[in-house]
Amino acid sequence: MVALNEAAQVPAEVLAAYFGDETVGVAPLSGGEVNTNWLAAYPDSRRRVVIQRLGSMFEQEVVDDMHAATGHLAEGGWEMPQLLRTHEDDGLYVETAASGGGKPDVWRAATFIESDGRSAEYGPNSFFEFGSILAKLHGSLANLDYEPRFKIKDFHDTDLHLAKLKGFESQMPDQEAREFTHDILAAYDNLQPLPPGKDQLIHGDPRTANMLFRDGKPFTYIDWDTLMKGSIWMDVGDLMRSLVEDSFLGTGQPLELERLREFAEGYRQAAMPDAAPDEFFAWAMTGMQRITLELTARFVNDVIEQNYWAWDQVNYKSRRDYVVDRAHTQWQIYTAYQNA
């Protein structure tokens, strides 16, 4: 018999599909921004499983993509969450009636990785290690011959988001918003292109929230729903942007430029030791500027579209207030290093 914490709200049919008649305790698990997570523990407490209800933006194919990536990486020595198969049909996911109307809910279960969590106090060598682990991840993914079956619509299509913003410029609700839009578009027009290179599999969302840490050091990546073919510089830039955002949120100050250089050097030494350090750093900074402007544009676009971002209804009076604030945070990151 399966014991279920009533507050957990995991359907009995999902638990039965993965655990049969074994007894497990289930409790909500924090940390998910799109998917909803629970932790299932066996009585001996040594075996734990993460159960996820996928966000409505995802289709079942995203489970196949995770299976391909994590299986390949685990074979290469990475510590990766491994998907559980259902008892009855050996499947990778379970569908149930929609909890909020619309299409069915999709559930999956994967092994729980012991860690110190998704964040850590950054030490003297942390930024070098951030660069090094991302380079190693890209090296491992480059060896996987796989075409992702699912991609979030328009994800990382920077040109499209900026073109959309240009079309919305005259529709902005006030002069301040129109001037902000003009500044974003002007910055994008002056941005250097990404360095040339062959597209490969990348994580797609390699920010610090999608890393796990032990003893203050990142050792693996989770959340594989953004797996995609693309430029490594999008991942490089996005992780740099994430590190800067962590600094702004934690201290109110931008990250010292030297810390970003340490990150770039960690990646360069692991993946491109023949590249000149200054040239490599310039490439990495272009990646960060590009993804930062893309996110700024996506938030401002939602002032008009009002349909993409789930907004914080506790701390903001309206979706517009939320997306404008988020846009200004990304713009602050961009301007802090505009002339670096």
Side-chain angles (χ1 to χ4, degrees), residues 119 122 126-138 155-162 165 180 183-197 199-200 202-211 218 221 226 228 230-272 275-300 326-340:
S119 62
Y122 299 157
S126 291
F127 296 95
F128 186 94
E129 290 164 353
F130 282 130
S132 179
I133 193 173
L134 183 60
K136 292 172 184 175
L137 183 74
H138 285 162
F155 191 65
H156 282 337
D157 191 339
T158 308
D159 292 337
L160 180 146
H161 294 299
L162 271 295
L165 181 64
F180 186 30
D183 290 343
I184 299 167
L185 293 170
Y188 187 68
D189 286 342
N190 293 319
L191 190 62
Q192 294 294 316
L194 288 176
D199 284 355
Q200 67 155 75
I202 60 174
H203 184 281
D205 190 20
R207 56 202 170 97
T208 54
N210 288 333
M211 292 177 168
Y221 269 96
T226 52
M228 62 180 290
S231 169
I232 61 165
W233 299 105
M234 295 302 289
D235 265 7
V236 169
D238 202 13
L239 181 48
M240 291 174 71
R241 182 206 59 80
S242 172
L243 292 167
V244 175
E245 187 170 18
D246 289 349
S247 180
F248 271 120
L249 294 176
T251 68
Q253 299 296 320
L255 193 65
E256 294 177 6
L257 191 63
E258 188 57 33
R259 303 289 82 79
L260 292 180
R261 287 189 176 275
E262 291 170 3
F263 166 86
E265 190 61 8
Y267 192 104
R268 186 193 70 82
Q269 288 189 25
M272 302 182 187
D278 287 346
E279 184 177 33
F280 183 91
F281 182 65
W283 294 339
M285 290 297 289
T286 295
M288 183 176 77
Q289 290 167 340
R290 189 175 182 88
I291 189 65
T292 303
L293 286 177
E294 177 189 313
L295 283 170
T296 307
R298 286 171 62 189
F299 281 116
V300 177
R326 294 292 303 273
H328 278 287
T329 297
Q330 300 307 315
W331 182 248
Q332 188 179 20
I333 294 171
Y334 171 79
T335 56
Y337 305 94
Q338 187 173 359
N339 300 314

Asker: How about T296 and L165: do any of their side-chain heavy atoms sit closer than 4.5 Å?
Answerer: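 SC-SC contact between T296 and L165 ruled out.
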
Asker: Checking side-chain polar atoms at under 3.5 Å, does H203 have a donor or acceptor matched by the opposite partner on N210?
Answerer: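 No.
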
Asker: Working to the nearest 0.5 Å, report the span between CZ of F281 and CZ of F263.
Answerer: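 Nearest 0.5 Å value for the CZ-CZ distance: 10.5 Å.
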
Asker: Quick one: closest heavy-atom pair of A187 and Y334, and the distance?
Answerer: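 Here A187 and Y334 meet closest at CB-OH, 3.5 Å.
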
Asker: Of the non-hydrogen atoms in P218 and E129, which two are nearest, and what is the gap between them?
Answerer: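 In this case the closest contact between P218 and E129 is CD-OE1, 4.2 Å.
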
Asker: Assign the ring pair H328 / F180 to parallel, tilted or perpendicular, where the plane angle (0 to 90°) is split at 30° and 60°.
Answerer: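 Rings of H328 and F180: parallel, as their planes differ by under 30°.
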
Asker: Under the salt bridge (charged side-chain N to carboxylate O under 4.0 Å, His left out) rule, what do E265 and R261 come out as? Steps first, then yes or no, please.
Answerer: CA-CA 6 Å; E265 190 61 8; R261 287 189 176 275; over 6 Å; no

Asker: When rounded to the nearest 0.5 angstrom, what distance separates CZ in R241 from CG in L293?
Answerer: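 Taking CZ in R241 and CG in L293, the distance rounds to 12.0 Å.
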
Asker: For F127 and E258, what are the C-alpha separation, side-chain angles and deciding distance, and is it a side chain to side chain contact (heavy atoms under 4.5 Å, CB included)?
Answerer: CA-CA 10 Å; F127 296 95; E258 188 57 33; over 6 Å; no

Asker: To the nearest 0.5 Å, what is the distance between CD1 on I291 and CG on L239?
Answerer: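 Those atoms lie 11.5 Å apart.
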
Asker: Are any of the side-chain heavy atoms of M228 and T226 separated by less than 4.5 Å?
Answerer: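 With C-beta onward as the side chain, the pair stays apart.
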
Asker: For the residue pair L162 and L185, what are the closest heavy atoms and their distance?
Answerer: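 For L162 versus L185, the nearest heavy atoms are O-CD2, 3.6 Å.
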
Asker: Would you check, one step at a time, whether the test side chain to side chain contact (heavy atoms under 4.5 Å, CB included) holds for M211 with L137?
Answerer: CA-CA 12 Å; M211 292 177 168; L137 183 74; over 6 Å; no

Asker: Any chance you could measure Q332, atom CD, to F248, atom CZ, to the nearest 0.5 Å?
Answerer: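 Between Q332 CD and F248 CZ, I get 4.0 Å after rounding to 0.5 Å.
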
Asker: Which heavy atom of Y337 sits nearest to which heavy atom of L255, and what is that distance?
Answerer: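 Nearest heavy atoms, Y337 then L255: OH-O, 2.6 Å.
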
Asker: Out of curiosity, L243 CG to E262 CD, how far, rounded to the nearest 0.5 Å?
Answerer: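 Reported value, rounded in 0.5 Å steps: 11.0 Å.
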
Asker: Is any NZ, NE, NH1 or NH2 atom of the basic residue among R298 and E294 found under 4.0 Å from an Asp or Glu carboxylate oxygen of the other?
Answerer: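 E294 and R298: salt-bridged.
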
Asker: How close do Q253 and S247 get, heavy atom to heavy atom, and via which atoms?
Answerer: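 Closest approach of Q253 to S247: O-OG, 2.7 Å.
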
Asker: Is the backbone N or O of L134 less than 3.5 Å from a side-chain atom of Y267, with the two atoms forming a donor-acceptor pair by type?
Answerer: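 Answer holds: no.
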
Asker: Which value, rounded to the nearest 0.5 Å, describes the distance between D246 atom CG and T208 atom OG1?
Answerer: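 Going from CG on D246 over to OG1 on T208, the span is 3.5 Å.
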
Asker: Is the distance between the ring centroids of W331 and Y188 under 6.0 Å?
Answerer: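 Aromatic pair excluded; centres sit 6.0 Å or further apart.
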
Asker: What pair of heavy atoms forms the shortest contact from D199 to S231, and how long is it?
Answerer: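 Looking at all heavy atoms of both residues, the shortest contact is OD1-N, 3.5 Å.
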
Asker: Is it true that atom CD of Q338 has more than 12 heavy atoms of other residues, nucleotides or ligands lying nearer than 6.0 Å?
Answerer: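 Result for CD/Q338: enclosed.
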
Asker: For a side-chain contact (heavy atoms from CB on, under 4.5 Å) with M240, tell me which candidate from M288, E245, R207, Q289 qualifies.
Answerer: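 Passing option: M288.
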
Asker: Kindly indicate whether the side chain of W233, heavy atoms from C-beta on, has any atom under 4.5 Å from the side chain of R290.
Answerer: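 They are not in side-chain contact.
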
Asker: Does D238 offer a backbone N or O that forms a donor-acceptor pair with the side chain of S242 under 3.5 Å?
Answerer: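 No: the side chain of S242 does not pair with the backbone of D238.
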
